[in-house]
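Okay, structure first, notes after.
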Amino acid sequence: MENYNVNINGKSHTVSADPDTPILWVLRDELNLVGTKYGCGIAQCGACTIHVDGKAVRSCSMPISSIGEKEVITIEGLSENATHPLQNAWREHDVPQCGYCQAGQIMSAAALLKENKSPTDGDIDAAMHGNLCRCGTYLRIKAAIKTAAKNS
Amino acid sequence: MNVVKTKYKRRSFLKASTLAGGGIVLGFNWLQGCKAPVDDTWNPVSKIMPDTWYDINSFLKIGENGMVTILSPNPEIGQNVKTSMPMIVAEELDCDWDHVVVEQAPLSSSFERQVAGGSGSIRSAFDTLRTAGATARQMLLNAAAKKWEVDVASLSTSKGIITNDKGENLSYGELASEASVLEIPEEVTLKEIKDFSIIGTDRRNVDLEGILTGKPLFGLDTRKEGMVHAVMLRPPAFGMKLKNFDAAAASKVDGVYEIVEVEGAIAITAKNTWAALKAQKLVNANWEVDGSLENTQQHDETLLSLLDKRNDKLKRDDGSVTQAYSEADEIFEKTYEAPFLPHNCMEPMNFFADVSGGKMYVEGPIQTPSWTQSNLAEAFKIDKENIEVMMTRMGGGFGRRLYGNFVIEAAKISEKVGKPVQLTYSREDDMTLGIYRPASKYKFKAAIKDGAMTAYEYVGSGVNSARGVTRENWFPAGCLDNYRVDSHNLESNITTGAWRAPVTNFLACAEQSFVDELAHKLQIDPVKFRIDLLDRAIENPVGEIDYEPKKLKGVIELVAEKSGWGNNADGVHQGLSAYFSHNTYVAEVADIVMEDGNPVIKKVTCAVDCGIVINPIAAKNQIEGGIVDGIGHAMYADFSFEDGKPSSSNFNTYRMIRMVEAPEEIDIHFVETENHPTGLGEPSLPPVGGAIANAIAKATGKRLYKQPFINSEILG
Ligand code: FES
Ligand code: FES
């Protein structure tokens with residue numbers, strides 16, 4: 001095990017972990033930030049999506065040793081008071097069913113909107129391609145992303 | 001007036017205790033200062049908690065400030081019962097929904113049928129939930145009458161306020177203490193349906209805030225004092241068992257505690273999930289053959305050959321199909337096939353268990369807490385009273401979480417290592433140790449004479465389907481004189497079980513594809529073909545039927561109207577499918593256009609008769625989800641076995657529908673009715689496979705007979 005200083009949601013934490021430990025498990029098991037979800041462990045479902053230096057990253061496939069000084073944002077730190085335009089749009093459309101995939105969906109969408117203020121349908125499909133939802137909430141996710149783009 | 005007796009199921013209306021003081025976990029006033037970020041109808045943070053809660057009955061308690069806590073009895077798997085069930089209680093209580101907080105109830109003898117399955121929660125509990133709310137309202141009214149010394153009949157309620165004929169008001173909060181010690185009324189009056197003000201309106205998911213901010217809601221989020229993480233290594237194929245293992249290398253992983261044999265498998269406990277997962281790969285296990293090692297190819301051959309056999313006892317045999325065949329100009333026949341399917345809940349199986357001193361506490365995602373408690377009692381030879389079961393929110397169920405084998409595993413590990421344990425299935429464990437939808441096949445036949453159908457028959461065969469893979473008393477039963485149904489079973493050691501809309505998730509696709517192809521063959525419009533058949537069953541049904549043909553006709557007519565059936569734009573190809581399941585009637589029209597030679601699903605129009613709609617925004621979400629899920633599995637889901645080994649273990653090889661493949665639009669219309677509500681977790685899924693297959697047939701002139709459709713030449 002080694003000690004790492006990581007910057008998560010604007011706070012610095014010291015964690016001791018094996019270098020190959022995916023940041024997902026550091027968040028969930030060491031820091032008790034359980035909003036980031038495990039779905040596949042191989043970067044195929046998007047449930048574990050976080051932001052690393054503003055980019056959407058699958059935390060299940062990124063080892064703690066590669067984080068360094070980079071800034072990590074999770075669903076818990078996406079906004080103050082849960083007022084990110086996407087969170088508001090998710091409320092408006094009542095998007096979730098089971099809800100399990102939704103943190104990952106929101107984090108992928110937030111990274112998209114950061115780079116592209118008014119995404120087309122094609123842009124949204126491409127940015128969200130890595131996020132699975134077994135409950136089938138894709139239409140609402142897409143509608144909510146468009147609402148958020150309009151309101152931000 | 002709708003007066004109901006409370007005697008029936010009276011136990012539910014008794015109080016858990018006379019006074020629940022201290023406001024439990026919610027009793028903080030700091031919330032007063034928090035302002036809701038947006039419209040606060042769905043934001044519990046905006047709610048001001050009382051100092052004291054008064055238990056009125058098992059379903060609800062009221063605070064001195066008028067806040068109401070409603071317990072949601074059934075497990076929440078994403079079907080939204082945690083919102084819709086409390087809405088029904090709140091409606092009859094006649095309180096303000098903004099003043100309601102919802103809590104998940106544990107497994108308790110105060111409640112009935114605490115099950116998430118069969119789209120049955122709302123249908124089964126509607127009357128009980130109404131009575132619970134109405135009973136509480138009556139007790140509050142009685143308390144007010146006593147206080148004012150007036151006749152209770154002179155009082156009225158609205159949004160948590162009781163008013164007398166002088167125009168004076170008392171709030172539920174002011175009366176909660178007195179009401180909580182009153183006798184339970186013998187009978188209560190329910191609202192008229194036209195007076196509903198919560199039921200039938202859009203109410204946001206009560207866990208929405210938690211979901212949007214990453215709060216610990218799910219099974220895998222459970223964290224308890226002294227808990228260790230556990231992962232198991234199980235046999236790699238059906239028909240194999242553990243011979244022996246060497247855990248030397250695995251034990252060296254940092255953070256690994258113990259590696260033990262449990263339930264014919266190897267359990268690794270560790271400080272964190274990652275250590276356990278790493279060690280799982282390093283355990284050197286030897287497996288031995290213990291049964292047959294089965295192959296999909298063999299299953300397919302056997303299932304197909306069974307379709308040509310006839311049982312002595314048929315599922316149904318009206319008139320004489322044989323005679324109609326002998327007189328027919330032609331016998332039209334088609335065969336349909338579907339594979340095994342894993343459930344792939346986005347949250348893999350998991351459970352928390354703490355077993356010690358002859359008692360156990362288990363907590364996690366389970367659709368059948370009561371059955372699981374019984375299974376635990378049997379497995380551990382202890383009384384049910386010593387087993388406490390708590391349900392978390394579930395990251396999907398789809399039938400997989402009806403089977404609590406993972407709860408027994410977690411409890412056995414906890415017993416063995418003497419610690420509280422959270423068992424996690426890796427995605428690979430989840431997909432390869434499934435309780436799969438069984439593979440099934442159907443042969444449909446129709447006799448045609450002088451351009452008309454004179455007989456209809458279908459035969460089904462399925463793996464582990466001793467109870468049958470047919471619905472013989474549903475459409476087109478009752479619609480024609482000569483009608484025959486038969487079903488065959490193939491036993492297998494591959495574990496199978498319920499998968500969202502068991503049996504009908506594929507039977508509907510096969511049937512509705514056949515009916516459509518038959519209509520085209522007879523050169524009758526598919527809408528008219530079905531309606532002509534149903535008219536016969538409405539006027540003078542043949543034999544016994546278990547569906548209401550009038551309602552099925554109703555949704556077909558509605559979807560035809562709303563989809564512009566017959567008036568579609570150039571280049572748009574429409575396919576119809578209609579199906580009754582779980583007491584709900586659904587008709588769907590898929591619109592397909594050809595883009596670069598490939599069919600693209602643009603829109604699905606859907607008509608639904610599910611009785612009273614409790615929460616339209618969530619009801620539509622269920623219907624949309626069922627449609628997307630149904631399209632995804634019909635189009636892409638492929639799963640097979642070779643020598644007992646599953647063909648896929650993760651989403652890199654198992655294809656699930658993604659956003660780009662979902663239809664652009666789903667347009668839903670409810671039949672307006674005051675009938676008792678039915679369920680929505682499943683019924684929109686069965687028909688959709690047929691709707692897209694029929695639309696693709698129109699677009700390409702080619703029919704699809706085998707799922708997943710993506711493997712067909714038309715789409716490949
Ligand atoms: S858990 Fe990381 S992509 Fe699935
Ligand atoms: S909401 Fe259930 S998986 Fe997306």
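Owing to the predicted nature of the structure, the values given are computational and were not obtained by experimental measurement. Per chain, numbering begins at 1; letters A, B, ... match sequence-line order.
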With a 4.5 angstrom heavy-atom cut-off, could you sort out which part of [X] is near chain B: side chain, backbone, both or neither?
X: A:Gln102; result: side chain
X: A:Ile124; result: both
X: A:Val26; result: neither

Can you find a heavy atom in the side chain of [X] that is under 4.5 Å from one in the side chain of [Y]?
X: A:Asp125; Y: B:Arg658; value: no
X: B:Phe218; Y: A:Val34; value: no
X: A:Ile141; Y: B:Met659; value: yes
X: A:Val95; Y: B:Arg204; value: no
X: A:Tyr38; Y: B:Ser426; value: yes
X: B:Val660; Y: A:Tyr138; value: no
X: B:Lys278; Y: A:Asp20; value: yes
X: A:Pro96; Y: B:Leu208; value: yes

For the [atom1] atom of [X] and the [atom2] atom of [Y], what is their distance to the nearest 0.5 Å?
X: A:Cys45; Y: B:Arg427; atom1: SG; atom2: CZ; result: 7.0 Å
X: A:Asn88; Y: B:Leu212; atom1: CG; atom2: CG; result: 9.0 Å
X: A:Gln44; Y: B:Asn652; atom1: CD; atom2: CG; result: 5.0 Å
X: A:Leu132; Y: B:Met656; atom1: CG; atom2: CE; result: 5.0 Å

Where on [X] is there a heavy atom nearer than 4.5 Å to chain A: the side chain, the backbone, both, or neither?
X: B:Tyr425; answer: backbone
X: B:Ile77; answer: backbone
X: B:Gln79; answer: neither
X: B:Asn80; answer: neither

Determine the minimum heavy-atom distance between [X] and [Y], stating which atoms define it.
X: A:Ile75; Y: B:Thr213; result: CG1-C, 4.1 Å
X: A:Cys98; Y: B:Gly396; result: CB-N, 3.4 Å
X: B:Pro348; Y: A:Tyr100; result: CD-OH, 4.1 Å
X: B:Phe651; Y: A:Cys40; result: CD1-CB, 3.8 Å

NZ/NE/NH1/NH2 to OD/OE distance under 4.0 Å, [X] and [Y]:
X: B:Glu347; Y: A:Lys37; value: no
X: B:Glu209; Y: A:Arg91; value: yes
X: A:Asp29; Y: B:Arg223; value: yes
X: A:Arg28; Y: B:Asp221; value: yes

side-chain hydrogen bond (donor to acceptor under 3.5 Å, both in side chains) partners for A:Glu30, two or more places apart: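 A:Glu30 satisfies side-chain hydrogen bond (donor to acceptor under 3.5 Å, both in side chains) with B:Lys271, B:Asn272 once adjacent residues are dropped.
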Partner chain A: residue of B:Leu220, B:Asn650, B:Val628, B:Leu217 with the largest heavy-atom pair count (under 4.5 Å):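 Counting heavy-atom pairs under 4.5 Å, the top option is B:Asn650.
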Pairwise side chain to side chain donor-acceptor pair (under 3.5 Å) hits with a residue in residues 45-54 of chain A, at least two apart: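 Side chain to side chain donor-acceptor pair (under 3.5 Å) check on residues 45-54 of chain A returns A:Thr49-A:Arg58.
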Derivation of the side chain to side chain contact (heavy atoms under 4.5 Å, CB included) call for A:Trp25 and B:Leu277: CA-CA 11 Å; A:Trp25 298 115; B:Leu277 286 170; 3.9 Å; yes
Side-chain donor or acceptor of A:Asp94 paired with backbone N/O of B:Asn205 under 3.5 Å: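 A pair under 3.5 Å: yes.
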Test item: A:Gln97 side-chain N/O and B:Asn621 main-chain N/O as donor-acceptor pair under 3.5 Å: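 Yes.
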Cation-pi geometry met for A:Arg134 and B:Phe398 (6.0 Å, 45°):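 Yes, A:Arg134 lies over the aromatic ring of B:Phe398.
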